[in-house]
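Encoded as structure tokens, the structure appears first; notes follow it.
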Amino acid sequence: MHAPADGGPVTIPDLLARNVARHGAKPAYREKEFGIWQSWTWAQASEQIDALAMGLLTLGANVGDHVAVSGRNRPALYWAMVAAQRIGCIPVPLYAEAAAEEIAYALDHCGARFAVVGDQEQVDKIADVRDGLTQLDHVIYLDGRGLRKYDHAAMTSYADLQMAGRASGLLDQVNARSAARTYDDTCVMLYTSGTTGRPKGVVLSNRNVIETSKNSSEFDHLRADDEVLAYLPMAWVGDFIFSVGQAMWTGFCVNCPESADTMQLDLREIGPTYFFAPPRVFEQQLTNVMIRMEDAGRFKKWLFHRYMAVGRRVGALLLDGKQVSAGDRLNYMLAKLLVIGPLKNTLGLSRVRVGYTAGEAIGPEIFDFYRALGINLKQLYGQTEATVFITQQPDGEVRSDTVGVPSPGVELRIAENGEVFYRSPGVFVEYYKNPESTASTKDADGWVATGDAGFIEDGTGHLRIIDRAKDVGKMADGRLFAPKYVENKLKFYPNILEAVVFGANRDYCTAFINIDLTAVGNWAERNNIAYSSYQELSQHSRVLDMILGHVSEVNRSVAADPMLAGCQVHRFLVLHKELDADDGEMTRTRKVRRRIVEEKFHDLITALYGGAAEIYTETEVTYEDGRKGKITATLVICDALVAAEQHKVAAE
Amino acid sequence: MDGAAPYVTADGRQIGGVLMDMRGITLRFGGVEAIKNISFDIREGEIRAIIGPNGAGKSSMLNVISGFYHPQDGEVWFRGEKRKPMKPYQVARLGIARTFQNIALFEGMSVLDNIMTGRLTHMKTGLLAQAIWKGRAEAEEVANREIVEKVIDFLEIQAIRKTPVGRLPYGLKKRVELARALAAEPKLLLLDEPMAGMNVEEKEDMSRFILDVNDEFGTTIALIEHDMGVVMDLSDRVVVMDYGRKIGDGTPDEVRNNQEVIDAYLGVAHD
């Protein structure tokens with residue numbers, strides 16, 4: 001159990017050494033700074049990592065110490081993680097934008113002795129909470145701007161520490177520590193985002209990370225000449241696997257943007273071949289394209305719409321290797337020449353060979369748009385506890401409504417209540433200092449509960465996720481109630497920002513809708529609809545008509561699914577305020593807190609299930625500065641068109 | 001007013017000797033006396049504010065410092081030397097850069113090109129050499145670009161480097177203008193209402209940058225500003241003008257409690 005079967009690399013530093021030997025002169029990391037892409041070869045990166053590792057030794061780092069890493073994606077911070085691993089320490093990447101007390105919690109929980117951080121902002125956050133952190137010895141910062149006058153007793157710059165390391169001559173000790181690592185030692189610890197309760201520290205072993213990186217790299221045929229853009233938070237397991245695990249396994253180049261705002265520009269300059277983004281990034285790109293097209297001249301508009309239609313018809317078929325007529329092929333070549341090629345170039349996606357989206361459901365039309373461009377965009381389903389991969393879509397079997405087949409080495413099981421369980425080489429070791437949670441998540445045989453309900457589709461073997469298992473319920477007549485499934489369909493309309501569907505133990509489903517002020521406001525402007533406030537716009541009769549149309553369309557599509565046909569929305573209302581994290585209605589990551597919404601707006605829910613045509617309500621709101629106020633409104637309750645169900649299936 | 005000995009401020013900044021000394025400045029436009037016999041000094045490393053109600057003569061004073069206006073009376077001393085009447089570009093070569101109340105950028109040019117113009121006074125190669133753009137001219141451009149890129153990094157405007165200035169929102173234009181002034185690596189930076197027309201968030205950003213410029217590069221800053229909160233927070237010393245006269249001069253606290261200043265700002269009751 002102490003080495004992989006083939007006697008290959010056991011740790012990330014082993015992989016690094018292998019990459020230096022195989023292609024030492026090939027670029028391993030790039031970062032745009034001062035307007036120029038700076039690059040480091042594998043050999044140079046290795047030297048930087050060794051220097052920092054020796055530097056950490058001079059500070060007295062012991063085997064098993066935790067080293068926190070926090071800041072925007074930069075090569076030096078990736079090196080810091082590998083340097084920690086070189087000397088038997090455990091890297092703990094943290095969310096750079098986390099509040100000071102969240103950082104304090106993580107630092108305290110893992111007992112970090114060292115923190116390697118990006119800049120003054122991170123240093124300040126740690127300084128704010130340092131008094132409570134007895135174990136934190138030393139802070140190492142990368143960018144010294146604004147830090148000149150700080151007390152440097154327990155603080156060193158990254159470059160200075162590397163210099164001290166190089167002068168120390170401790171390379172033998174570093175190598176000895178590296179050589180003593182085993183396959184089951186901890187590779188990294190990642191904190192889950194903590195939407196429910198305190199964040200948990202997920203411990204991943206070398207085996208988890210290396211096996212998963214190997215399997216997933218082979219699944220998508222990743223190569224040493226691939227390019228990725230590292231722009232997602234370093235604390236997120238996905239970034240660790242893509243920018244560290246897979247990069248080390250295949251030896252591809254990791255590119256770091258100049259700043260968070262320049263991501264789109266840098267994307268275009270690098271032209272990654274392997275690209276990962278959450279749905280919101282794709283949504284944002286598509287919205288920008290559409291808005292720019294609205295303002296374009298008539299000819300350009302015509303050209304765009306004509307050839308995008310060709311793309312939609314043919315692009316995805318070609319991607320899946322299906323039969324396409326010669327005429328359509330010719331048409332698509334024209335489309336590529338005139339519209340699709342330049343558009344892909346503008347978006348920075350010209351060279352994408354493999355693209356993934358995950359994290360949330362992606363709207364089918366967004367998905368189809370990118371497929372139409374001939375971009376091989378696929379979905380995957382995963383979580384930190386699985387070292388990302390649970391299921392993913394193989395080339396040629398891509399659809400917007402499934403999350404794919406089990407990744408290599410992953411076994412799936414669907415429990416009685418519909419909850420998805422998995423077992424794989426990537427299954428995490430434990431939650432750090434939290435045996436109860438470990439035991440309740442992972443059983444003795446290594447099966448892990450995902451907390452999501454889903455089913456495996458007959459015929460294709462693809463997994464479909466319906467909802468969070470705890471939200472899935474039954475309606476009064478025993479049919480399945482899966483609110484998220486319907487809410488996602490509603491939210492795919494740009495006019496709908498948020499939707500909350502009710503129906504557990506009821507006769508029929510109802511919904512709260514939040515309009516998207518940007519989209520609806522824009523629409524109102526174009527249609528000469530005057531309004532003075534969000535509230536007025538939300539209750540405007542034409543807005544309600546529009547939303548009614550969307551809801552009715554969703555009902556039609558829900559009715560087509562025999563399992564979920566009961567979830568059609570019969571009555572709905574458009575809320576007079578946006579659901580907001582300041583009012584506790586959402587989490588900071590913008591996920592609806594169902595229970596709180598139910599409690600707070602119980603009068604509205606009662607009205608939805610009563611016969612009233614409108615309801616007067618008073619709601620307490622919290623302003624950004626913390627003051628409280630009250631808003632009142634009379635809300636119209638709308639009846640949606642309910643589609644006829646295909647014959648009700650007998651309950652199994 | 002003779003306390004010219006260097007000292008260190010409460011937040012640890014080094015304030016040096018007198019950098020610029022205005023002695024008995026009087027400026028007339030025909031019969032109108034815009035500035036009446038005003039004297040004050042600006043010391044190395046400090047942030048000096050000039051405030052006053054509308055029409056008090058603040059911008060005129062800034063124009064005298066930058067060499068755009070020539071006072072009829074009085075002397076301008078810069079770094080211990082009496083300054084002869086000069087053209088604005090000569091003043092710029094002395095190490096004085098400024099931003100304008102109404103943004104004065106080249107709207108059709110990119111942000112990068114606009115900031116590069118700030119390096120103009122540092123270019124030594126001739127027109128012909130620059131047109132051929134090989135050898136010395138190229139090396140010079142690279143060196144200048146490096147300085148400009150540091151400024152871009154400092155002011156966090158990497159994302160708009162290639163954007164034409166005309167497409168930018170107001171707050172960002174102001175920042176680009178500051179960048180152009182900084183690119184000249186000035187010893188004295190003049191800011192004419194750097195926060196005018198900004199929202200609270202933009203003002204906070206700009207204040208941060210002004211403090212950082214002063215702290216990081218040790219640049220001396222003289223600014224005109226209407227927002228009292230900003231002035232009192234940022235500046236080490238404040239000159240107050242009213243109808244072309246100086247009615248107050250001192251630390252923000254001293255100025256705040258000066259009866260004449262209060263009267264000028266709040267008005268006086270007439271019987």
Side-chain angles (χ1 to χ4, degrees), chain A residues 30-38 71-74 76 96-97 118-124 127 141-152 157 229 231 255-270 281 284-285 288 291-292 295-296 345-346 348 623-626, chain B residues 8-15 45 110-116 119 141-164 167-169 171-172 175-176 179 182-183 199-202 204-205 207-219:
Chain A
R30 283 197 205 99
E31 181 183 26
K32 195 169 183 188
E33 212 184 2
F34 301 127
I36 296 172
W37 286 97
Q38 329 266 347
R72 70 178 169 85
N73 311 64
R74 301 192 65 177
E97 63 272 31
D119 55 14
Q120 185 186 16
E121 186 185 340
Q122 308 296 332
V123 171
D124 283 349
Y141 61 84
L142 205 52
D143 179 357
R145 176 172 162 194
L147 294 173
R148 227 164 1 98
K149 288 191 297 258
Y150 283 50
D151 176 12
H152 273 61
S157 89
L229 190 72
Y231 69 100
N255 300 281
C256 297
E258 193 167 14
S259 75
D261 309 326
T262 60
M263 179 265 177
Q264 190 58 46
L265 289 164
D266 297 332
L267 182 67
R268 197 177 162 194
E269 288 175 2
I270 285 300
V281 170
Q284 191 60 50
Q285 273 196 343
N288 288 346
I291 288 174
R292 296 276 297 268
D295 296 333
N345 186 22
T346 307
Y623 298 109
E624 260 172 38
D625 59 3
Chain B
V8 176
T9 60
D11 56 345
R13 288 177 308 120
Q14 199 77 44
I15 304 293
S110 72
V111 167
L112 178 64
D113 289 340
N114 265 286
I115 302 172
M116 280 299 274
R119 296 296 303 163
E141 168 124 353
V142 169
N144 283 325
R145 173 73 187 270
E146 205 176 314
I147 291 162
V148 167
E149 283 295 340
K150 291 212 171 102
V151 172
I152 288 177
D153 184 67
F154 187 83
L155 293 178
E156 295 163 17
I157 47 178
Q158 300 99 330
I160 54 167
R161 191 184 279 126
K162 301 276 169 71
T163 314
R167 286 232 310 264
L168 297 178
L172 272 180
R175 213 190 287 181
V176 173
L182 279 182
N199 64 31
V200 175
E201 200 183 322
E202 288 169 332
E204 282 173 359
D205 281 349
S207 304
R208 190 71 250 158
F209 285 126
I210 291 173
L211 288 172
D212 280 351
V213 167
N214 177 255
D215 190 29
E216 199 77 359
F217 306 128
T219 311

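Scanning both residues, A:G35 and B:E149, for their nearest heavy atoms gives N-OE1, 3.4 Å.
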Residue pair B:D215, A:K149: steps toward the side chain to side chain contact (heavy atoms under 4.5 Å, CB included) verdict: CA-CA 10 Å; B:D215 190 29; A:K149 288 191 297 258; 2.6 Å; yes
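Under the rule for a side chain to side chain contact (heavy atoms under 4.5 Å, CB included), the partners of B:D113 that lie at least two apart in sequence or sit in another chain are B:M109, B:S110. Applying the ring-ring contact (aromatic ring centres under 6.0 Å, His included) criterion to B:F209, with sequence neighbours excluded, gives no partner residue.
Interface residue B:D212: only side-chain heavy atoms are found under 4.5 Å from chain A. Both the backbone and the side chain of A:R145 come within less than 4.5 Å of a heavy atom of chain B. With a threshold of 4.5 angstrom between heavy atoms, B:E146 does not approach chain A through any atom at all.
The distance from atom CZ of B:R145 to atom CD1 of A:I36, rounded to the nearest 0.5 Å, is 6.5 Å. Between the CD1 atom of B:I160 and the CG atom of A:D261 there is a distance of 9.5 Å, given to the nearest 0.5 Å.
Taking 4.5 Å as the limit, some side-chain heavy atom of A:R148 sits within range of a side-chain heavy atom of B:E216.
Note on A:E258 versus B:R161: salt bridge recorded, some NZ/NE/NH1/NH2 to OD/OE distance being below 4.0 Å.
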